[in-house]
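Below is one structure, written out as structure tokens, with a few remarks after it.
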Protein chains: 2
Amino acid sequence: MKSSQVTIKDIARELGISPSTVSRALKDHPDISQETKRLVNELAAKYNYKPNIIALSLRNQRSNVIGVIIPEIVHYFFSSVISGIEEVANEHGYSVMISQSVEDYNREVAACDTFLNGIIDGILVSVSKETANYDHFHRFEEEGIPIVFFDRAVDEILADKIIIDDFDGAYQATEHLIVQGRRKIVHFAGPQNRLIGQNRLNGYLKAMRDNGVVIDERLIIPCDTFQSALVETQKLIDSGLKFDSIFTVNDFTAAGAMKVLLRNGYKIPTDIAVVGFGDDQTSLMVEPTLTTVNQPGFEMGKKAMEQLIRRITQSKPEPPVTEILKTQLIVRESSRVK
Amino acid sequence: MKSSQVTIKDIARELGISPSTVSRALKDHPDISQETKRLVNELAAKYNYKPNIIALSLRNQRSNVIGVIIPEIVHYFFSSVISGIEEVANEHGYSVMISQSVEDYNREVAACDTFLNGIIDGILVSVSKETANYDHFHRFEEEGIPIVFFDRAVDEILADKIIIDDFDGAYQATEHLIVQGRRKIVHFAGPQNRLIGQNRLNGYLKAMRDNGVVIDERLIIPCDTFQSALVETQKLIDSGLKFDSIFTVNDFTAAGAMKVLLRNGYKIPTDIAVVGFGDDQTSLMVEPTLTTVNQPGFEMGKKAMEQLIRRITQSKPEPPVTEILKTQLIVRESSRVK
DNA sequence: CTGTTAGCGCTTTCAC
DNA sequence: GTGAAAGCGCTAACAG
């Protein structure tokens with residue numbers, strides 16, 4: 001913020017007119033004479049005049065800045081969401097301020113504090129894994145700052161939510177394996193204290209039941225990272241349990257499982273089929289390419305931002321909406337035999 | 001930005017004192033009596049008073065906001081950099097505004113325009129691959145807004161730069177291959193209009209020469225994405241040219257090359273060794289694991305932000321500095337035979 | 001120890 | 001068609 005910027009006052013002085021006239025001329029106000037407008041605009045161009053956003057924000061009580069609180073940027077899914085947010089924000093003249101919670105409750109609260117200082121017009125939040133208390137979010141409601149949750153929402157808070165249909169995604173993935181003739185389907189499951197892990201597990205269970213496949217509890221294993229997949233897949237192999245496929249809660253876990261399977265001499269998908277979740281970039285890079293469930297991160301970001309803008313600009317209050325985005329099964333080599 | 005926020009004026013009115021007294025009391029100014037301070041602070045707490053950042057920015061001519069222009073957030077390296085930036089920004093009370101160029105010159109210019117509206121105290125930039133004209137960056141200099149380049153810098157602009165020792169990283173990678181007995185080393189090179197691409201190529205060339213390895217121009221191929229690697233690697237194989245290893249400008253390109261090699265029946269590393277650059281998450285997930293060059297992204301973000309803060313807060317101008325961060329060769333399975 | 005005033009840059013009513 | 005004045009929220013010089 002360099003103060004040397006040309007202001008309306010500077011232009012007014014040089015032209016020997018008042019700042020208000022300059023202001024009006026710049027906005028093409030009908031009252032102002034063509035001649036004055038010409039002079040003002042010429043000088044503004046010459047000096048490369050730029051309205052001072054801060055002054056405008058102060059006057060309009062609107063900053064056109066929105067805040068985003070996100071667990072971790074370094075995940076393909078979340079950075080896709082950010083891209084979507086940015087896309088829509090750009091189109092509508094909003095700037096985006098980002099703060100990472102790094103899955104840490106205290107940092108999430110701190111980020112909220114920062115955003116409560118009055119700089120933002122609204123906020124987009126995906127809740128950290130750790131968070132169990134939601135007071136910090138309630139404060140936005142109290143201040144009348146619109147809040148839209150994405151991906152990881154909070155049931156207890158009445159606000160707009162844009163989420164993924166995790167249940168259906170897992171259902172599709174599991175049913176796909178069944179259709180491919182698999183019956184002994186392992187599920188590497190996410191943490192069951194989180195909706196996302198629950199829904200994906202439930203989708204798996206429902207698909208199994210609906211298709212009359214026997215559910216073997218021993219094939220449902222808590223495992224949701226690349227590293228733990230390296231360990232758990234080996235343990236699974238060593239256990240001697242029969243299985244013909246693995247459906248994992250995310251793509252990293254699938255990549256880990258694939259690696260161990262290949263190293264143990266299994267052919268994918270002939271011996272063991274693998275299906276991930278997320279459609280991360282990695283799913284194309286592994287060999288064979290990974291069948292996975294696409295989560296529309298970019299679209300989610302766009303929808304969340306659109307909804308937030310709607311809230312910011314709405315004249316009369318409207319009830320909160322929850323939008324559930326459909327996932328899409330992307331069949332690739334790691335599961336396709338027929 | 002809800003206008004219903006409590007202001008200093010509100011507190012002053014309620015206490016029957018002047019706004020300036022309230023302001024001073026809140027900052028624990030020595031002139032103010034303990035009693036007044038107590039009253040003011042109590043009321044401020046009761047009404048949950050928060051100073052209006054916008055008003056402060058206008059008054060102080062400082063927003064404590066910095067801008068970041070980055071090619072793509074959805075790259076592990078860049079999102080690591082952002083995390084580093086955020087880390088330091090948080091510590092020092094700065095907020096971070098992010099804009100992606102998506103490797104598009106026009107969007108980069110647009111992002112600069114947005115940031116030139118006076119909201120930011122300084123800017124961090126990593127230049128898009130496309131960019132060949134640098135006028136949009138010069139404008140920050142003209143406005144007196146400090147600019148620090150990271151990773152992809154611009155030689156033509158006199159500014160602080162935090163970059164990676166790409167030359168040395170490429171040198172190490174190439175020499176490693178030579179030590180492993182490779183001689184016909186392919187280089188999938190980055191764009192030569194960017195320093196980064198040049199330096200990595202030059203490191204490769206120097207290592208070849210220093211070790212008396214004949215350089216075959218046909219083995220130096222412009223190719224820097226996963227997709228193009230799929231194409232170029234196949235073309236390379238079909239060309240009948242002899243080669244025993246590939247050193248790629250980044251890990252995605254390496255992943256693409258590996259995939260095609262494997263599909264053509266080559267053993268990695270026995271037949272062909274592969275070395276990437278970046279130490280992306282992917283490098284652990286591919287099979288075999290990928291030898292690569294670690295780039296300290298998080299550290300780069302921290303250093304860049306620290307340097308920017310130094311510029312913003314410096315009293316007298318100082319000459320620009322360039323900091324070159326060391327890379328580290330991470331030897332994994334894709335290249336190790338001995 | 002506290003109040004008055006002015007001003008950061010801009011817009012907008014009201015007046016002429 | 002244009003200008004003067006006030007105010008968005010805050011602070012600092014100046015005055016008592």
Side-chain angles (χ1 to χ4, degrees), chain A residues 1-41 43-44 47-65 116-121 143-144, chain B residues 1-41 43-44 47-65 116-121 143-144:
Chain A
M1 276 185 67
K2 192 60 186 315
S3 44
S4 69
Q5 269 289 28
V6 179
T7 73
I8 274 191
K9 245 162 109 176
D10 299 325
I11 298 183
R13 195 179 321 112
E14 179 151 347
L15 252 34
I17 60 181
S18 81
S20 32
T21 304
V22 175
S23 171
R24 279 182 280 233
L26 288 168
K27 326 192 88 60
D28 203 23
H29 189 108
D31 276 359
I32 305 296
S33 73
Q34 287 308 317
E35 177 61 4
T36 307
K37 281 182 189 167
R38 198 181 54 75
L39 287 167
V40 167
N41 282 309
L43 212 57
Y47 289 148
N48 193 21
Y49 167 80
K50 287 248 168 57
N52 180 314
I53 286 257
I54 309 261
L56 278 174
S57 298
L58 184 59
R59 171 136 235 288
N60 299 337
Q61 301 292 89
R62 283 180 92 256
S63 64
N64 272 37
V65 173
L116 276 164
N117 62 13
I119 209 171
I120 58 161
D121 287 346
E143 304 280 357
Chain B
M1 273 184 68
K2 193 61 186 315
S3 44
S4 71
Q5 269 289 27
V6 179
T7 75
I8 274 190
K9 247 163 107 175
D10 299 324
I11 298 183
R13 194 179 322 111
E14 178 150 348
L15 252 35
I17 60 182
S18 83
S20 36
T21 304
V22 174
S23 171
R24 280 182 280 232
L26 287 169
K27 329 189 85 63
D28 203 22
H29 190 108
D31 277 358
I32 304 296
S33 74
Q34 287 308 317
E35 178 62 4
T36 308
K37 281 181 189 165
R38 197 181 56 74
L39 288 167
V40 168
N41 283 308
L43 211 57
Y47 290 147
N48 193 21
Y49 167 80
K50 288 249 168 59
N52 180 314
I53 287 257
I54 309 259
L56 277 175
S57 299
L58 184 59
R59 171 136 239 287
N60 300 337
Q61 301 291 88
R62 284 181 89 257
S63 63
N64 272 39
V65 173
L116 275 164
N117 62 13
I119 209 172
I120 59 160
D121 287 346
E143 305 280 356

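The sequence lines fix the lettering, A, B, ..., with proteins before strands; numbering per chain opens at 1.
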Degree of bending, the helix from C/dC1-D/dG16 to C/dC16-D/dG1 (end axes from five pairs; round to 10°): 60°
For the student: nearest non-hydrogen atoms of A/D28 and A/K37, plus distance: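 It is OD1-NZ, 3.0 Å.
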Shortest non-hydrogen separation from A/D121 to A/R62 and the atoms involved: OD1-CA, 3.7 Å
Donor-acceptor contact below 3.5 Å, side chain A/S23 vs main chain A/P19: no
OP1 or OP2 of D/dC10 under 4.0 Å from side-chain N/O of B/K9: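 False: B/K9 side-chain N/O out of range (4.0 Å or more) of D/dC10 OP1/OP2.
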C/dG3 base / B/R24 side chain donor-acceptor hit below 3.5 Å: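 For B/R24, whose side chain was compared with the base of C/dG3, there is a donor-acceptor pair (under 3.5 Å).
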B/S20 (side chain) and C/dT2 (base): donor-acceptor pair under 3.5 Å: no
Given DNA chain C, 5'-ward residue of the pair B/S33 and A/S23, judged by closest heavy atom: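 In this pair, the answer is B/S33.
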First encountered from the 5' end of DNA chain C, between B/P19 and A/I8: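 Checking each residue's closest nucleotide, the 5'-ward one belongs to B/P19.
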Sole candidate of B/N64, B/L56, B/L58 that passes side chain to side chain contact (heavy atoms under 4.5 Å, CB included) when paired with B/N60: B/L56
Check whether any side-chain heavy atom of [X] lies under 4.5 Å from a side-chain heavy atom of [Y], and answer yes or no.
X: B/V40; Y: B/L15; value: yes
X: B/V65; Y: A/I119; value: yes
X: A/D10; Y: A/R13; value: yes

For the side chain of [X], starting at C-beta, report the closest nucleotide among [options].
X: A/I32; options: D/dC10, C/dT2, D/dT2; answer: D/dT2
X: B/L56; options: C/dG9, D/dT11, C/dT2; answer: D/dT11
X: B/N52; options: C/dG9, D/dG1, D/dC10; answer: D/dC10
X: B/I17; options: C/dG3, C/dT11, D/dC10; answer: C/dG3
X: A/Y49; options: C/dG3, C/dC10, C/dA6; answer: C/dC10
X: A/Q61; options: C/dC10, D/dG1, D/dG9; answer: D/dG9

First encountered from the 5' end of DNA chain D, between A/A55 and A/P30: A/P30
